[in-house]
Amino acid sequence: MDTERADPIDTARRGLLSGEAAATAVMALAAVVLFGLGTTFPQVRAFGYLPLAAGVIVAWSTNRRFARDHSVITGCLALISAISVEADISWENIARMGVVLSAVVIGPWLITRYVFDDRTIQFPLRRGQPWSRLEWGWLLFVVVVAWAVLPQYFMRTGVYLNWPPLETWSEIIRLFFGVNAVGIWDELFFICTVFALLRKHFSFWTANVFTTIIFVSFLWELGYRSIGPLLTIPFALVQAFIFTRTKSLPYTVTVHLLFDALVFLTIVHAHHPEALPIFIGV
């Protein structure tokens, strides 16, 4: 069979023992090294480019359709790895991250749509369909859980120190802007781009797990360390499920921003507990 002309349904069912899965697993490993281990142990960061390149080689040895999508994701990861995504709210870093993170959302959309003639990357709005009671209930659940759990995580592990000390109102405002901007970007890139492209070639949960590994590695560099993966892994898995189920980017982003609102309030509280006494037990 001509692998370039493989049926889309067939390519969406690639198993864990396929060449496509091997290429994606190696790419996910590269993300762990570049953003995870490479943050904790900077001396090993450069070694992440070896599996990143190996993944591309393996991908192109399988089929061209998969290799194109794999290469788009790989290129994005390489570009992101060229900058530091650790919490830094200086205007210079905000501008740098803004340019790079925007490029890895806009670039894949333009390439897949106008070069590959592929509309896999979409940003569905679900206009005219009100949110259900279950969806509203989930938003409330997210707020309650985030309020109860995030302060315990940030303050008892000390990971809030991965964020700036917030000594001025300007820094607080910039943190608020940065947390929300990155939260929106997370959904545009990891769900609408990475997950969507992988979902073409794998089952839902296989694509979801691969995407989660990459997402959690990124969050580690951002500052969610210590036991952070125990929180970010289920969050990432559920976000892909919500997006697939609701087919609504605004709803998926709202869930994320509510969670991030509590992240922001927790960091402010950790630095200035007397000014924001809204949490208990910390």
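Just so it is clear, the structure is predicted and the values come from calculations on it, not from any experiment. Start at 1 with the first residue, then count along the sequence.
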- [ ] Provide the closest heavy-atom pair for P234 versus P229 in the form atom of the first, atom of the second, distance.
- [x] CD-O, 3.9 Å
TODO: Identify whether L34 and I57 are in the same connected component of the hydrophobic contact network (ILVMFWY, side-chain heavy atoms under 4.5 Å).
DONE: no
Task: V33 and R45: CA distance, side-chain angles, deciding distance, side-chain contact (heavy atoms from CB on, under 4.5 Å) verdict - done: CA-CA 6 Å; V33 177; R45 184 181 181 97; 5.9 Å; no
- [ ] Find the distance between CZ (F259) and CG (D186) and round it off to the nearest 0.5 Å.
- [x] 11.0 Å
Open item on the list: Please report whether the ring centroid of F195 lies less than 6.0 Å from that of F204.
Closed with: yes
Open item on the list: Quick one, F279 and L262 - any side-chain contact, counting heavy atoms below 4.5 Å?
Closed with: yes
Open item on the list: Would you call the rings of F190 and F215 parallel, tilted or perpendicular, taking 30° and 60° as the class edges?
Closed with: tilted
Task: H70 side-chain N/O to A23 backbone N/O, donor-acceptor pair under 3.5 Å - done: yes
Open item on the list: Just so I know, are the side chains of L175 and I172 near enough to count as touching, which here means a heavy-atom distance under 4.5 Å?
Closed with: no
- [ ] Report yes if some heavy atom in the side chain of T120 is under 4.5 Å from a heavy atom in the side chain of T112; otherwise report no.
- [x] no
Open item on the list: Tell me whether E86 is salt-bridged to R225, with the criterion being a basic N under 4.0 Å from an acidic carboxylate O.
Closed with: yes
Open item on the list: Between T74 and S71, is there a side-chain donor-acceptor contact under 3.5 Å, judged purely by atom types and distance?
Closed with: no
- [ ] Taking H272 for its side chain and L166 for its backbone only, find out whether a donor-acceptor pair lies under 3.5 Å.
- [x] yes
Open item on the list: Checking the side chain of R174 only, and the main-chain atoms of I89 only, is there a donor and an acceptor separated by less than 3.5 Å?
Closed with: yes
- [ ] Without swapping roles, check the side chain of E135 against the backbone of S132 for a donor-acceptor pair under 3.5 Å.
- [x] yes
Open item on the list: Are C76 and P108 packed together at the side-chain level, in the sense that at least one heavy-atom pair is separated by less than 4.5 angstrom?
Closed with: yes
TODO: Look at the side chain of E221 and the backbone N and O of G36, then say whether any donor-acceptor pair between them is shorter than 3.5 Å.
DONE: no
TODO: Could you pull out the closest heavy-atom pair between G128 and P130, with the gap in Å?
DONE: O-CD, 3.6 Å
TODO: Check the pair Y251, Q129 against side-chain contact (heavy atoms from CB on, under 4.5 Å), reporting the backbone distance first and the verdict last.
DONE: CA-CA 11 Å; Y251 181 80; Q129 298 183 41; over 6 Å; no
Open item on the list: Assess whether a salt bridge exists between D118 and R113, defined as any Lys/Arg side-chain N lying under 4.0 Å from an Asp/Glu carboxylate O.
Closed with: no
TODO: Determine, stepwise, if the pair L249 / L188 fulfils side-chain contact (heavy atoms from CB on, under 4.5 Å).
DONE: CA-CA 8 Å; L249 177 60; L188 295 176; 3.7 Å; yes
- [ ] Following the transitive rule for hydrophobic clusters with a side-chain heavy-atom cut-off under 4.5 Å over Ile, Leu, Val, Met, Phe, Trp and Tyr, establish whether F177 and V182 coincide in one cluster.
- [x] no
TODO: Say whether L134 and L139 are linked into one hydrophobic cluster, either directly or through other cluster members, by side-chain heavy-atom distances under 4.5 angstrom.
DONE: no
- [ ] Work out which heavy atom in A146 is nearest to a heavy atom in P151; give both atom names and the distance.
- [x] O-CD, 3.6 Å
Open item on the list: Could you measure the distance from the CZ atom of F210 to the CE atom of M27? Nearest 0.5 Å is fine.
Closed with: 8.0 Å
Task: Heavy-atom check, side chain of I121 versus side chain of F123, under 4.5 Å - done: yes
Open item on the list: Rounded to the nearest 0.5 Å, what separates atom NE2 in H256 from atom CG in N180?
Closed with: 9.0 Å
Task: V26 and L52, any side-chain heavy atoms less than 4.5 Å apart - done: no
- [ ] Establish, yes or no, whether a centroid distance under 6.0 Å links the rings of F35 and W220.
- [x] no
Task: Spatial distance of atom CG (L198) from atom CD (E20) [nearest 0.5 Å] - done: 11.5 Å
- [ ] Taking all non-hydrogen atoms of both residues into account, name the closest pair between K247 and R126 and its distance.
- [x] O-CB, 3.7 Å
Task: Side chains of Y224 and L231 in contact at under 4.5 Å (non-hydrogen atoms) - done: no
TODO: Would you confirm whether the ring centroid of W163 sits within less than 6.0 angstrom of the ring centroid of F154?
DONE: yes
Open item on the list: For F202, is there any backbone N or O sitting under 3.5 Å from a side-chain donor or acceptor partner on T206?
Closed with: no
Task: Whether W136 and W131 hold their rings parallel, tilted or perpendicular, with breakpoints at 30° and 60° - done: tilted
Task: Least distance between heavy atoms, V282 atom then Q152 atom - done: CG1-NE2, 3.3 Å
Open item on the list: So, taking the atom named OG1 in T212 and the one named CG in L237, what distance separates them when rounded to the nearest 0.5 Å?
Closed with: 4.0 Å
Open item on the list: Membership question, hydrophobic clusters at under 4.5 Å side-chain separation (ILVMFWY): are Y153 and V144 in the same one?
Closed with: no
Open item on the list: Give me the atom names and distance for the closest heavy-atom approach of S226 to V159.
Closed with: CB-CG1, 3.7 Å
Open item on the list: Would you say the ring centers of Y114 and W109 fall short of 6.0 Å from each other?
Closed with: yes
Open item on the list: Checking the side chain of H269 only, and the main-chain atoms of L276 only, is there a donor and an acceptor separated by less than 3.5 Å?
Closed with: yes
Task: Within-4.5 Å side-chain heavy-atom neighbours: Y160 and H271 - done: yes
TODO: Begin with the C-alpha distance, continue with both residues' side-chain angles, and end with the deciding distance and a verdict on side-chain contact (heavy atoms from CB on, under 4.5 Å) for W185 and S102.
DONE: CA-CA 8 Å; W185 175 83; S102 296; over 6 Å; no
Task: Separation of I73 CD1 from L197 CG (nearest 0.5 Å) - done: 5.0 Å
Open item on the list: We want to know whether Y49 and S81 form a side-chain donor-acceptor pair, criterion being a heavy-atom distance below 3.5 angstrom.
Closed with: yes
- [ ] Quick one: which residue pairs count as a side chain to side chain donor-acceptor pair (under 3.5 Å) with a foot in residues 231-246, not counting sequence neighbours?
- [x] E187-Q239
Open item on the list: Taking F66's backbone N and O only, do any of them form a donor-acceptor pair with N63's side chain (distance below 3.5 Å, no angle check)?
Closed with: yes
Task: Proximity of F218 and F189 rings by center, below 6.0 Å - done: no
